Amino acid sequence: MKIIVSAGGTGGHLYPALALVEYIEKQDKDAKFLFVGTTDRIESKIVPQKGYDYVGLHVKGLVGNPLQKAKNALIFVNSLRQSKKVLKKFQPDIVIGFGGYPSASIVLAAERMGIKTIIHEQNSIIGLTNKILIKKVDSIVCCYEKALNEFPKEKTYLLGNPRASVIANTSLRDVHDIYGIDKNKKVLVIVMGSLGSATVNNVMKEALKKIDLKDTEILFATGNQDYKRIQFEMKDVSSSVHVLPYIEDMPSVLATSDLIVTRGGATTLAEITAIGAASIIIPSPYVVANHQEYNARELSEKQAAQLLLEKDLDIDRFISVVSDVLNNPIKLDVLKTNARLLGKPNACEDMYRLILKLLERK
């Protein structure tokens, strides 16, 4: 089986794609893969480092002023020609697009050449690239009911994010052992993604000086850029608060902490639901189409997470919400149970079965 995978622009698109490819490799030792992405974004570095063949397309998103959009549209047309050359050379059985503008070129070219196609939508709000491709592809995989209801029912499957399978099958350590925390103490984790958030960090900095949580240790991951500043400004804070640049072994921390406060990125929520972690989600308001809030609402409406909007975030509000959840064992159990019910720990297996079905290799 020969598969082209396209995932461009961000780690949110790339890592689910890598998860699926790594799963298929274990099932089919003869499978061959080619990744197609940009020439200058994260995938152009990470994929070759992983040992996979890679082709970068010169392509830009349709953004900017009218003149820039027109230029980018011409670049897109040229990327279609590039994509057809890639397809003719590699001769794939199927092309899978994980979102991001590079996916549009290779998936459209594949459809025009009669090659089977799948797109994956990780958010509850359908991305621009996938909107373009809806009518062209053979099958669609999504992660949220909101997206499921917007895609054509006859070819859409609610299978989840492949990262969920990775997390569900990872060997886990106890957060208490990782950070040398007393096993009798609860653990609260605060992490706003790998880069962190200066806005949220400033609220946390003051809130963690005032919060009174008995028998609780707090891991506060600021992100590398803000770490030194926050660490200095919190040098006199309680010894129960541990200021860190990042979280080591996130799957283990998710699985063995009592509560995590985090962003609403698709991969993060896929991991939370795969493991069944109790969470308070503060969606980033700075993302396209506010998709993190929509992602988070899908969980909060099912009592699988507590939603706290950044516009409502202040010191007292944060302390109140965290204290209410962390000091209520029943509420914690409800969040964990409902999160697990939404999890898709077999996402990779289910997507692989869909691929075989499309290729009539059941």
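What you see is a predicted model; the values in this text were computed from it and never measured. For the numbers below, each heavy atom of this structure counts, side chains included, while hydrogens, waters and symmetry mates do not.
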Do Glu150 and Tyr144 pair up side chain to side chain, a donor and an acceptor below 3.5 Å, judged on atom types alone?
no
Under 3.5 Å, side chain of Ser284 to main-chain N/O of Tyr286, donor-acceptor pair present?
yes
Is any side-chain heavy atom of Val5 closer than 4.5 Å to one of Val36?
no
Give a yes or no on whether a salt bridge exists between Glu310 and Arg263, defined as a side-chain N under 4.0 angstrom from a carboxylate O.
yes
SB check Glu206 Lys210 (cutoff 4.0 Å)
no
Identify whether the distance between the nearest side-chain nitrogen and carboxylate oxygen of Lys183 and Asp177 falls below 4.0 Å.
yes
Salt bridge flag under 4.0 Å for residues Lys331 and Asp324:
yes
Within the distance-only criterion (no hydrogens, no angle test), does the side chain of Asn123 pair as donor or acceptor with the backbone N or O of Ile125 below 3.5 angstrom?
no
For Thr222, is there any backbone N or O sitting under 3.5 Å from a side-chain donor or acceptor partner on Asn201?
yes
Quick one: does Glu111's side chain have a donor or acceptor within less than 3.5 Å of a partner on Thr117's backbone?
no
Tell me whether Glu271 is salt-bridged to Arg163, with the criterion being a basic N under 4.0 Å from an acidic carboxylate O.
yes
Can you tell me if Thr39 uses its side chain to pair, donor with acceptor, with the backbone of Gly56 under 3.5 Å?
no
Counting distance only, does the side-chain N/O of Thr273 pair as donor-acceptor with the main-chain N or O of Leu269 below 3.5 Å?
yes
Decide yes or no on side chain to side chain donor-acceptor pair (under 3.5 Å) for Glu25 and Tyr52, but give the supporting numbers first.
CA-CA 11 Å; Glu25 276 187 314; Tyr52 295 110; 2.7 Å; yes
Flag for Ser124-Asn295: side-chain donor and acceptor within less than 3.5 Å:
yes
Glu233 and Arg229 ion-paired at < 4.0 Å
yes
Whether the side chain of Asn327 engages the backbone of Ser323 through a donor-acceptor N/O pair (distance < 3.5 Å, no angle test) should be reported.
yes
Would you check if the side chain of Lys155 reaches a backbone N or O of Val137 as a donor-acceptor pair within less than 3.5 Å?
yes
Would Phe35 and Tyr54 count as a close aromatic pair, with their ring centres under 6.0 Å?
no
Whether Arg173 and Asp249 form a salt bridge (side-chain N of Lys/Arg under 4.0 Å from carboxylate O of Asp/Glu) is what I want to check.
yes
Pair Phe98 and His13, ring centroids less than 6.0 Å apart
no
I'd like to know if the side chain of Thr38 pairs up with that of Glu43 as donor and acceptor (distance under 3.5 Å, no hydrogens or angles considered).
yes
Going by atom types alone, do Asn130 and Glu121 pair a side-chain donor with an acceptor below 3.5 Å?
yes
In plain terms, say whether Glu22 and Lys26 are close enough for a salt bridge, that is, a side-chain N and a carboxylate O under 4.0 Å apart.
no
Sub-3.5 Å donor-acceptor pair from the side chain of Asn346 to the main-chain atoms of Glu349, do we have one?
no
We want to know whether Thr199 and Ser197 form a side-chain donor-acceptor pair, criterion being a heavy-atom distance below 3.5 angstrom.
no
